[in-house]
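A short write-up of the structure that comes next.
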Amino acid sequence: MAVVAARELADGEVVFVGIGLPNLACNLARRTHAPRLMLIYESGAVGATPSRLPVSIGDPALVTGSLMVCGMADVFQLFLQNGRIEVGFLGGAQVDRHGNINTGGAAEIAIHAHRILIVSKLSRRAFPEQVDFVTSPGQRVAKVITDKGVLERDEASGDLVLAGLYPGIEATEVRAGVGWKLESRARLNRLDPPTTAELQLLREVLDPQRLYLKS
């Protein structure tokens, strides 16, 4: 999931990122194909280049080497609401067929970032047909990266559809993890597995203590 998410980011993009797998993915991208990735954390660290994986948005590792450190209100007003955030990277307690999110605090990001990427493990509880409460509208959700494949928005229907599968995974396994009739692209992509270099960075450099990686 971290590797596939990292590959979605282009060099030089401005990314609003939180802690967890999105943070791991961003820092992997920065150390591989996107060294000029601009990471902004809601705590106020702008252009953060953490020397180790931060464990929270208040981790002092985010401050060292940052281009700017400001208050949370400044991050939201000067960058997010001003249209300067190209990618919002979110997790979600629930994601429905339209990409609406039930997560608690991501409304501003979902509304103002140019596109939204979501990282979340598949389960019918996490992917109902309709979320229990819409905290963040799904109009800007471009892709949802799961533990079995990738969903993306179908422009015609507005629904999330299956677009790519991990090696060894079949479409039926993905459909079993969502609460609606999941349609597929006419041509499904088979996503490349992580490279040896990517795995080494994740396991030995970025997350050696396995804060986010299971193994």
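All residue numbers in this chain count up from 1 along the given sequence.
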- Would you mind reporting whether V15 and M38 have side-chain heavy atoms less than 4.5 Å apart? no
- Message: Before you tell me yes or no, could you show the steps for Y212 and N23 under side chain to side chain donor-acceptor pair (under 3.5 Å), namely the whole-Å CA-CA distance, both residues' side-chain angles and the distance that decides it to 0.1 Å?
- Response: CA-CA 10 Å; Y212 306 114; N23 178 60; 5.2 Å; no
- Item | I116 side chain near I118 side chain, heavy-atom distance below 4.5 Å | yes
- E8/K143 ion pair, N-O < 4.0 Å: yes
- Query: Do the side chains of R30 and P50 get nearer than 4.5 Å, heavy atoms only?
  - Reply: yes
- What one should report as the nearest heavy-atom pair of E173 and G168 is OE2-O, 3.9 Å
- Find out whether P137 and I111 are in side-chain contact, i.e. whether some heavy atom of one side chain is under 4.5 Å from a heavy atom of the other. yes
- Euclidean distance, L160 CG relative to D154 CG, rounded to 0.5 Å: 9.5 Å
- Query: Less than 4.0 Å between a side-chain N and a carboxylate O, is that true for R175 and E183?
  - Reply: no
- Query: Are D159 and R97 within salt-bridge range, i.e. N to O under 4.0 Å?
  - Reply: yes
- Any ion pair linking K181 and E129 (charged N to carboxylate O, less than 4.0 Å)? no
- Can you name the nearest heavy-atom pair linking L165 to L188, along with the distance? CD1-CD1, 3.9 Å
- Query: Going through the distances and angles, do N27 and L39 end up as a side chain to side chain contact (heavy atoms under 4.5 Å, CB included)?
  - Reply: CA-CA 9 Å; N27 280 281; L39 303 184; 4.0 Å; yes
- Ion pair present between R52 and D59, side-chain N to carboxylate O less than 4.0 angstrom? yes
May I have the list of side-chain donor-acceptor pairs in residues 69-82 shorter than 3.5 Å, sequence neighbours left out?
| from | atom 1 | to | atom 2 | distance (Å) |
| --- | --- | --- | --- | --- |
| Q81 | NE2 | E108 | OE1 | 3.3 |
| N82 | ND2 | L78 | O | 3.4 |

- Please confirm whether the backbone N or O of I101 pairs with a side-chain atom of T135, one donor and one acceptor, at under 3.5 Å? yes
- Task: Mark yes when over 12 heavy atoms from residues, nucleotides or ligands other than R140 sit less than 6.0 Å from its CZ; otherwise mark no.
- Result: yes
- Message: Taking ring-ring contact (aromatic ring centres under 6.0 Å, His included) as the definition, give me every residue that meets it alongside F127, ordered by chain and number, with sequence neighbours left out.
- Response: none
- Note on the structure: Interatomic distance, CG@L206 vs SG@C26, rounded to 0.5 Å, equals 11.0 Å
- dist H33:NE2 -> R7:CZ (nearest 0.5 Å) comes out at 9.0 Å
- Item | OG1-CG distance between T32 and L9, expressed to the nearest 0.5 angstrom | 9.0 Å
- Is the number of heavy atoms from other residues, nucleotides or ligands within 6.0 Å of CD (Q130) greater than 12? no
- Message: Minimum heavy-atom separation for E198 and L28, please, with both atom names.
- Response: O-CD1, 4.1 Å
- Task: Check whether any side-chain heavy atom of D132 lies under 4.5 Å from a side-chain heavy atom of Q94, and answer yes or no.
- Result: yes
- Atom of Y41, atom of G18 and distance for their closest heavy-atom approach: CE2-O, 4.3 Å
- Message: As an exercise, state the distance from CG of L201 to OG1 of T196, rounded to the nearest 0.5 Å.
- Response: 11.0 Å
- Task: Answer yes or no: is there a side-chain heavy-atom contact under 4.5 Å between D207 and L202?
- Result: no
- Task: Indicate yes or no: at least one non-hydrogen side-chain atom of V141 is less than 4.5 angstrom from one of V144.
- Result: yes
- Task: Under 4.5 Å between side-chain heavy atoms, chaining through other members, with only Ile, Leu, Val, Met, Phe, Trp and Tyr counted: pull out the rest of the cluster around V134, sorted by chain and number.
- Result: V131
- Task: Compare all side-chain heavy atoms of V87 with those of L117 and state whether any distance is below 4.5 angstrom.
- Result: yes
- Check the pair E13, R36 against salt bridge (charged side-chain N to carboxylate O under 4.0 Å, His left out), reporting the backbone distance first and the verdict last. CA-CA 8 Å; E13 284 191 308; R36 297 185 301 114; over 6 Å; no
- Considering only NZ, NE, NH1 and NH2 on the basic side and carboxylate oxygens on the acidic side, decide whether E170 and R190 come within less than 4.0 Å. yes
- Item | Atom pair CG (N100) and OG (S136), whose distance is rounded to the nearest 0.5 Å | 9.0 Å
